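Below is one structure, written out as structure tokens, with a few remarks after it.
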Amino acid sequence: MLREQNESGFHHLYDNYSGALYGVILRIVQSKEYTEEIIQDVFVKIWNSIHQYDSAKGRFYTWMINIARNTAIDYLKSKSFQNQLKNQPLPDFVYENAELTTSNNADFIGFNKVLESLESDKQELIDLAYYQGYTQSEISEKLNMPLGTVKTKMRNALMKLKDLLKDYQ
């Protein structure tokens, strides 16, 4: 149904995954306004590249989250976004943390709870890399840690996370 790109397939896709993808994007860009803009781009990308999904490489949900994450990070790094931040008055670009919390619907698989079960250093690495868009080199600089150590700790964190997520598959 999705690969044939019929309209009911798109509605099913949006109805079942928009909340979770919205939560992922919101956590990265930390702005409801930008998240709403990005979520549209994400669903267009998913729809236009549905034929590229390969179930042998991973779950459909994971594939979509990667598209959402990468789109959000690309948006943050874009020149137009950086210029928008520079040109806004301060009150429009400082957000209250209460505004940014995602609803329980956006985290319907309980991913935040799974993340909280990791050690704090592993949580920090995953947050920096996957939600804030840092590269491993940038993480190394930020945490004042050798790059090889960052790579090893990131690998260990992802292996632990994968192990914790086995119950959700």
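Because the structure is a prediction, the values reported are computed rather than measured.
Tyr22 OH to Lys32 NZ: the interatomic distance, rounded to the nearest 0.5 Å, is 6.0 Å. The line from CD1 of Ile50 to CG of Leu13 is 6.5 Å long, rounded to the nearest 0.5 Å. Annotation: the span from Leu161 atom CG to Ile126 atom CD1 amounts to 4.5 Å, rounded to 0.5 Å. Once rounded to the nearest 0.5 Å, the distance linking CD1 of Ile139 with CG of Asp127 reads 9.5 Å. The OG atom of Ser49 sits 4.0 Å away from atom CH2 of Trp63, with the distance rounded to the nearest 0.5 Å. Interatomic distance, Leu21 CG to Thr35 OG1, rounded to the nearest 0.5 Å: 11.5 Å.
Counting all heavy atoms, side chain and backbone alike, Ile39 lies closest to Ser18 at CD1-O, 4.0 Å. Scanning both residues, Pro146 and Ser140, for their nearest heavy atoms gives C-OG, 3.7 Å. Smallest separation of non-hydrogen atoms from Glu116 and Gln123: O-NE2, 3.1 Å. Closest approach of Arg59 and Tyr53 over heavy atoms only: C-OH, 3.5 Å. Summarising the geometry of Ala129 relative to Arg69, their closest heavy-atom pair is O-NH2, 2.9 Å, with the distance given to 0.1 Å. The two atoms that bring Ile28 and Ala72 nearest to each other are CG2-CB, 3.8 Å, heavy atoms only.
Between Tyr17 and Phe60, the two ring planes are perpendicular [angle over 60°; tilted spans 30° to 60°].
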Review point. Where do Arg155 and Lys151 land on the side chain to side chain contact (heavy atoms under 4.5 Å, CB included) test, with the steps shown first?
Key: CA-CA 6 Å; Arg155 183 175 186 277; Lys151 290 181 178 188; over 6 Å; no

**Study point:** Full working for side chain to side chain contact (heavy atoms under 4.5 Å, CB included) between Leu158 and Tyr130
**Key:** CA-CA 11 Å; Leu158 292 173; Tyr130 288 91; 3.5 Å; yes

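His12 is listed as a side-chain neighbour of Asn16, based on a closest heavy-atom distance under 4.5 Å. Side-chain contact between Glu124 and Leu143 is present, with heavy atoms from C-beta onward closer than 4.5 Å. Within the 4.5 Å cutoff, the side chain of Thr135 has heavy atoms near those of the Glu138 side chain.
Environment of NZ in Lys45: crowded, with over 12 heavy atoms of neighbouring residues, nucleotides or ligands closer than 6.0 Å. The number of heavy-atom neighbours closer than 6.0 Å to NZ of Lys153, taken from other residues, nucleotides and ligands shown, is 12 or below.
With hydrogens and angles ignored, the 3.5 Å screen pairs a side-chain donor or acceptor of Asn48 with a backbone N or O of Val44. In this structure a side-chain-to-backbone donor-acceptor pair under 3.5 Å is present from Thr71 to Ile67.
Both Tyr14 and Trp47 belong to a common hydrophobic cluster when Ile, Leu, Val, Met, Phe, Trp and Tyr are linked at side-chain heavy-atom distances under 4.5 angstrom.
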